[in-house]
Peer 1: 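What follows is a single structure, and I will ask about it in a moment.
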Amino acid sequence: MIQNKCDVIIPVYNAPEWVKLCVYAVFKNTPNDVLNKVIIMNDNSNEETQNLLKNLEDKYGNKLLVVTNEQNLGFVKNCNRGFDFVESEYTLLLNSDCLLSKNTIGKLMDHMKKNEKIGLICPIASNAANLTLPIFTGFNYQQMNTVLESKFLGKNFDACTVVGECLMIRSECLTTVGKLDEIYGMGYGEETDYQFKCMEKGYEAKVAADTYVFHKSEVSFGVSKEKQEKLERNRKIFFDRWQTQYNELLKKYEKNDPIQYINSHLTEKDKQIDLNTLVYLPDIIQNAGGCHVVVDLVNYLAINGVSANIVYENLSDYKEIMIFEPIHISNLINVKCEKVMATIWNSVYKARAIADEKNIPLIYFVQGYEAYFQNASIYGMVQLSFKLADEILTISKYLQRKIKTIFNRESTVIDNGVNTDLYFNHREVEKPKTITLFMRNNVMKGDFLLMDLLKMLNDTYTNITINCIRVKKELFLPILENKGNEINHMVGPLSRNEMRKIMNTTDIYVDASLNEGFGLLALESIYAGAVPVVSDSFGVDEYLKDGVNGLIVNRVNDVDCYLEKIDQLMSDVDLYHSIQKKNHTLVKEFDYDLNAEKMVEYFSQEFKRHEYLISEAEKDVFEDANRLFVKGPEKTKKLEFAIKVWKKMPNGMKRCFLKFRQYIDILDGLETLRNE
């Protein structure tokens with residue numbers, strides 16, 4: 001038995017994106033002197049999860065052990081099998097959708113060391129039945145942990161029912177009491193049953209008030225009628241055994257409820273939002289790749305202990321992981337922060353106003369060459385946005401060069417990254433068959449080329465699969481004859497998990513973008529084992545070498561060139577295999593885990609404010625932008641302003657102006673203008 005160490009058992013059944021974060025958080029937030037090893041009990045998960053676990057083994061080496069069941073044992077049997085691999089004095093049972101905070105394991109061990117009667121102990125969580133403390137607005141889960149630690153360090157409570165998503169067990173208790181009762185099958189109630197067995201043997205079950213973890217819940221099994229039936233069945237088993245003891249304990253617990261105690265001792269000052277970085281992302285939406293990059297950034301900063309959060313105006317149908325509680329812009333007034341970050345050109349103006357009001361520096365996070373957006377109709381506003389920023393952060397050396405050359409501003413580069421562990425980067429393909437096209441309802445993304453290409457692929461080949469993804473169903477695709485091909489039409493918004501599944505079955509990925517700041521989808525396709533055929537769109541130069549780990553089309557507006565490159569791969573299997581086998585070995589530095597370290601270092605710096613001067617030529621642009629994005633004049637003035645600008649516009653630009661509706665909020669007035 002290894003003294004003063006802890007083994008972590010993570011029972012896994014699917015949900016690879018959560019498993020990835022769970023394991024990452026364990027290693028990031030647990031000192032080596034207390035962590036022995038992480039034991040992943042894979043309960044016959046799907047192919048995506050099996051692939052992830054192989055990649056994690058490669059990444060973490062002998063600190064991580066993966067045990068795979070040949071058939072699905074169910075949650076309780078899977079956990080019990082995990083106990084057979086424990087070597088340490090303490091064992092932590094950890095659900096795969098639960099994220100540890102800084103030194104969770106060390107603090108739970110400290111409670112047990114101070115009181116040898118404690119056999120079981122669990123923390124407070126964001127979702128944990130009777131031990132739920134929701135994340136405060138503007139906080140991430142690590143900040144919640146910091147608050148509890150500062151107020152209640154060393155304090156614990158008797159548990160009425162411990163929760164199993166993060167449960168530490170003393171080895172002596174495990175030896176004395178034995179394993180979990182497998183009558184509970186797929187789970188629910190087994191940890192509480194175990195608690196009462198431990199208490200019968202003289203052990204105490206506690207809740208640590210100084211420790212907080214994030215728990216999503218319902219990731220592996222979901223919510224269903226079947227689940228409810230299992231819950232009721234297990235509840236009956238538990239209460240048939242322990243009804244009397246439970247009722248007695250509940251009476252004591254209600255007089256000393258840890259959640260009530262915590263809430264009663266927290267002040268408004270404890271809930272004050274105090275951030276390292278406030279990120280202004282006006283719209284948190286599913287269909288925007290740049291939005292996902294920003295949310296990922298804030299998630300990873302959170303796991304690494306950096307207090308960043310997002311202030312937003314609209315949150316709509318967002319399906320991805322968020323381990324923080326974002327701030328609506330109406331709640332911004334009392335937020336303290338060291339710096340503010342804009343995320344797109346039209347967010348710079350309001351972010352500048354926030355920075356000026358709070359007397360803090362402004363970072364401008366640039367993911368694309370935005371001067372080209374909307375057919376460059378907003379060029380002057382983008383140009384001015386670079387002057388307003390104190391610091392500029394970007395995702396590629398191409399953008400860094402462009403910003404320096406055109407706008408004479410220096411910037412810092414932290415390359416975009418991919419959660420590489422989630423992709424099938426060792427996939428073998430006998431012969432390329434599946435081609436994926438992604439139409440993003442944007443001229444700059446080359447949709448008009450992909451439309452032609454879709455038809456040409458169908459006319460040229462037989463018995464192939466074409467994945468045609470489009471962000472909006474309103475896009476009218478070519479009418480295709482039946483040539484014996486499988487055409488999969490998929491309409492967004494798609495979740496990241498859905499996109500990964502498509503990429504992991506793609507043999508050739510085609511991207512016809514006329515300009516990419518980085519080209520993240522092409523990079524993801526490489527990690528998924530596909531061969532990308534992409535336009536020479538600048539940002540891809542960061543990671544793509546023509547003929548080595550992909551094929552680059554130089555005549556980017558000639559659809560015949562795309563078909564020629566695809567035909568090379570389809571007809572020359574040796575060429576395809578040559579590229580596929582070596583492609584991911586050239587891009588290892590783009591693993592998101594490595595980039596996260598660079599981001600933490602960057603945002604931990606102190607930045608200075610710089611005086612920005614606006615020339616006479618820029619004043620009109622600034623005034624117009626300021627009225628659009630900052631001051632928010634009432635509807636009448638907005639309408640007057642819109643009409644004024646409208647009359648000055650040439651007809652070709654009026655359609656672009658209509659895209660500003662979301663910012664100026666004069667839908668009725670613009671409808672009138674449209675009709676005129």
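Quick note: residue numbers are just sequence positions, from 1. Remember, predicted model here, so these are calculated numbers, not experimental data.
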Peer 1: Checking Asp33 now: which residues fulfil side-chain contact (heavy atoms from CB on, under 4.5 Å) with it, not counting sequence neighbours?
Peer 2: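 Asp33 satisfies side-chain contact (heavy atoms from CB on, under 4.5 Å) with Pro31 only.
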Peer 1: Just wondering, are more than 12 heavy atoms of other shown residues or ligands nearer than 6.0 Å to CD in Glu47?
Peer 2: no
Peer 1: Go through the steps for Ile285 and Asn314 under the test side-chain contact (heavy atoms from CB on, under 4.5 Å), then give the verdict.
Peer 2: CA-CA 8 Å; Ile285 54 177; Asn314 303 294; 5.8 Å; no
Peer 1: Please determine whether side chain to side chain donor-acceptor pair (under 3.5 Å) holds for the pair Asn416 and Tyr543, giving the CA-CA distance in whole Å, both sets of side-chain angles, and the decisive distance to 0.1 Å.
Peer 2: CA-CA 11 Å; Asn416 241 339; Tyr543 55 85; over 6 Å; no
Peer 1: Please list, chain by chain and in numerical order, all residues satisfying side-chain hydrogen bond (donor to acceptor under 3.5 Å, both in side chains) with Thr277, sequence neighbours excluded.
Peer 2: none
Peer 1: Counting only heavy atoms not in Glu601 (residues, nucleotides, ligands), do more than 12 fall under 6.0 Å from its CD?
Peer 2: no
Peer 1: Decide yes or no for Ile10 and Val19: does some side-chain heavy atom of the first lie under 4.5 Å from some side-chain heavy atom of the second?
Peer 2: no
Peer 1: Could you check Phe365 against Leu281 for side-chain contact (heavy atoms from CB on, under 4.5 Å), going step by step and ending with a plain yes or no?
Peer 2: CA-CA 11 Å; Phe365 182 37; Leu281 181 64; over 6 Å; no
Peer 1: For residues Lys397 and Asp541, determine if any side-chain heavy atom of one lies less than 4.5 Å from a side-chain heavy atom of the other.
Peer 2: no
Peer 1: Is it true that a side-chain atom of Ser101 and a backbone atom of Tyr212 form a donor plus acceptor pair closer than 3.5 Å?
Peer 2: yes
Peer 1: I want to check something: taking the side chain as every heavy atom from C-beta on, are Gln143 and Ile135 in contact at a cut-off of under 4.5 Å?
Peer 2: no
Peer 1: Using only atom types and a distance under 3.5 Å, with no angle test, would you say the side chain of Glu542 pairs donor to acceptor with the backbone of Gly539?
Peer 2: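 The answer is no, because no donor-acceptor pair under 3.5 Å joins these two groups.
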Peer 1: I'd like to know if the side chain of Ser513 pairs up with that of Asp511 as donor and acceptor (distance under 3.5 Å, no hydrogens or angles considered).
Peer 2: yes
Peer 1: Test of understanding: with side-chain hydrogen bond (donor to acceptor under 3.5 Å, both in side chains), list the residues that count as partners of Glu165, not counting sequence neighbours.
Peer 2: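 Result, side-chain hydrogen bond (donor to acceptor under 3.5 Å, both in side chains) vs Glu165: none returned.
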Peer 1: What's the separation between atom CE in Met499 and atom CG in Asn467, rounded to the nearest 0.5 Å?
Peer 2: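 So the CE of Met499 and the CG of Asn467 are separated by 9.5 Å.
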Peer 1: Classify the side-chain pair Arg427/Asn504 by whether it contains a donor and acceptor separated by less than 3.5 Å.
Peer 2: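 Checked: Arg427/Asn504 side chains show no N/O donor-acceptor pair below 3.5 Å.
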Peer 1: Hey, does the side chain of Lys358 reach the backbone of Val335 with a donor-acceptor pair shorter than 3.5 angstrom?
Peer 2: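 Such a contact is found between Lys358 side chain and Val335 backbone.
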Peer 1: Applying side-chain hydrogen bond (donor to acceptor under 3.5 Å, both in side chains), can you list everything that pairs with Asn46, at least two apart in sequence or on another chain?
Peer 2: Asn14, Thr49
Peer 1: Among all residues two or more places apart in sequence or in another chain, which pass the ring pair (Phe, Tyr, Trp, His ring centres under 6.0 Å) test with Tyr369?
Peer 2: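 Only Tyr372 meet the ring pair (Phe, Tyr, Trp, His ring centres under 6.0 Å) criterion with Tyr369.
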Peer 1: Let me confirm one number: the OG-CG distance from Ser150 to Asn145, rounded to the nearest 0.5 Å.
Peer 2: 9.5 Å
Peer 1: Give a yes or no on this: more than 12 heavy atoms of other residues, nucleotides or ligands lie within 6.0 Å of atom NZ of Lys445.
Peer 2: yes
Peer 1: Mind checking salt bridge (charged side-chain N to carboxylate O under 4.0 Å, His left out) for Glu410 and listing every partner two or more places apart, or none if nothing turns up?
Peer 2: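 For Glu410, the residues satisfying salt bridge (charged side-chain N to carboxylate O under 4.0 Å, His left out) (neighbours in sequence not counted) are Lys404.
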Peer 1: Can you find a heavy atom in the side chain of Lys608 that is under 4.5 Å from one in the side chain of Pro361?
Peer 2: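 They are not in contact (no side-chain heavy atoms under 4.5 Å apart), so the answer is no.
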Peer 1: Under the salt bridge (charged side-chain N to carboxylate O under 4.0 Å, His left out) rule, what do Glu516 and Arg440 come out as? Steps first, then yes or no, please.
Peer 2: CA-CA 13 Å; Glu516 282 285 356; Arg440 289 171 269 184; 3.5 Å; yes
Peer 1: For residues Phe438 and Val471, determine if any side-chain heavy atom of one lies less than 4.5 Å from a side-chain heavy atom of the other.
Peer 2: yes
Peer 1: Taking Gln400's backbone N and O only, do any of them form a donor-acceptor pair with Thr394's side chain (distance below 3.5 Å, no angle check)?
Peer 2: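 No, Thr394 side chain to Gln400 backbone: no donor-acceptor pair under 3.5 Å.
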Peer 1: Without swapping roles, check the side chain of Asp390 against the backbone of His610 for a donor-acceptor pair under 3.5 Å.
Peer 2: yes
Peer 1: Tell me whether Ser347 contacts the main-chain N or O of Ile344 through its side chain, where contact means a donor paired with an acceptor under 3.5 Å.
Peer 2: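 Yes, because the side chain of Ser347 sits within donor-acceptor range (under 3.5 Å) of the backbone of Ile344.
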Peer 1: Partners of Asn595 by side-chain hydrogen bond (donor to acceptor under 3.5 Å, both in side chains), sequence neighbours excluded?
Peer 2: none
Peer 1: Could you tell me the separation between the OG1 atom of Thr420 and the CD1 atom of Ile526, rounded to the nearest 0.5 Å?
Peer 2: 12.5 Å
Peer 1: Would you call Asn29 and Gln142 a side-chain contact if the rule is heavy atoms closer than 4.5 Å?
Peer 2: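 When only atoms from C-beta onward are counted, Gln142 and Asn29 do touch, with a gap below 4.5 Å.
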Peer 1: Verify whether one side chain among Tyr280 and Glu313 offers a donor that lies under 3.5 Å from an acceptor in the other.
Peer 2: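 Glu313 and Tyr280 do have a side-chain donor-acceptor pair below 3.5 Å.
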Peer 1: Is a side-chain donor or acceptor of Ser396 paired with a backbone partner of Gly517 at a separation under 3.5 angstrom?
Peer 2: yes
Peer 1: Begin with the C-alpha distance, continue with both residues' side-chain angles, and end with the deciding distance and a verdict on ring-ring contact (aromatic ring centres under 6.0 Å, His included) for Phe324 and Phe214.
Peer 2: CA-CA 9 Å; Phe324 55 92; Phe214 181 92; 9.6 Å; no
Peer 1: Aromatic contact between Tyr364 and Phe386, with the criterion being ring centroids under 6.0 Å apart: yes or no?
Peer 2: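 For Tyr364 and Phe386, the ring centres are under 6.0 Å apart.
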Peer 1: Between Asn95 (side chain only) and Asp97 (backbone N and O only), is there a donor and an acceptor less than 3.5 Å apart?
Peer 2: no
Peer 1: Under the salt bridge (Lys or Arg N to Asp or Glu O under 4.0 Å) rule, what pairs show up with a residue in residues 334-346, not counting sequence neighbours?
Peer 2: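 Those involving residues 334-346 do not exist here.
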Peer 1: Partners of Arg409 by salt bridge (charged side-chain N to carboxylate O under 4.0 Å, His left out), sequence neighbours excluded?
Peer 2: none
Peer 1: Between Val207 and Ile124, is any pair of side-chain heavy atoms under 4.5 Å apart?
Peer 2: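 Touching, per the 4.5 Å side-chain cut-off.
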Peer 1: Please list all pairs passing the salt bridge (Lys or Arg N to Asp or Glu O under 4.0 Å) test where one or both residues lie in residues 134-149, with sequence neighbours left out.
Peer 2: Lys107-Glu149
Peer 1: Would you call the rings of Phe27 and Tyr60 parallel, tilted or perpendicular, where under 30° means parallel and over 60° means perpendicular?
Peer 2: parallel
Peer 1: Looking at Asp593 and Lys20, is any side-chain nitrogen of the basic one under 4.0 Å from a carboxylate oxygen of the acidic one?
Peer 2: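 Yes.
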Peer 1: Measure the shortest side-chain to side-chain distance between Leu56 and Val66 over non-hydrogen atoms and say whether it is less than 4.5 angstrom.
Peer 2: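 The answer is no, as the side chains (C-beta and beyond) never meet within the 4.5 Å cut-off.
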Peer 1: When rounded to the nearest 0.5 angstrom, what is the spacing between OG in Ser126 and CG in Leu133?
Peer 2: 9.0 Å
Peer 1: Could you pull out all residues at least two apart from Ser88 that satisfy side-chain contact (heavy atoms from CB on, under 4.5 Å)?
Peer 2: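 Partners of Ser88 under the side-chain contact (heavy atoms from CB on, under 4.5 Å) test: Ile2, Lys5, Asp7, Asn36.
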Peer 1: Should the heavy atoms of other residues, nucleotides or ligands under 6.0 Å from CG of Asn32 be counted, would the total exceed 12?
Peer 2: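 Result for CG/Asn32: open.
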Peer 1: Name the atoms and distances for all side-chain donor-acceptor pairs under 3.5 Å in residues 291-311, with sequence neighbours left out.
Peer 2:
from   : atom 1 : to     : atom 2 : distance (Å)
His292 : ND1    : Tyr318 : OH     : 3.1
His292 : NE2    : Gln286 : O      : 2.8
Asp296 : OD2    : Arg496 : NH1    : 3.2
Asp296 : OD2    : Arg496 : NH2    : 2.7
Asn299 : OD1    : Ile323 : N      : 3.0
Asn299 : ND2    : Ile321 : O      : 2.8
Tyr300 : OH     : Asn419 : OD1    : 2.9
Asn304 : ND2    : Tyr24  : OH     : 3.0
Asn304 : ND2    : Tyr300 : O      : 2.8
Ser307 : OG     : Asn276 : N      : 2.8
Asn309 : ND2    : Gly138 : O      : 3.1
Asn309 : ND2    : Glu325 : O      : 3.3

Peer 1: Can you measure from CZ (Arg500) to CG (Asn497) and round to the nearest 0.5 angstrom?
Peer 2: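 Nearest 0.5 Å value for the CZ-CG distance: 5.0 Å.
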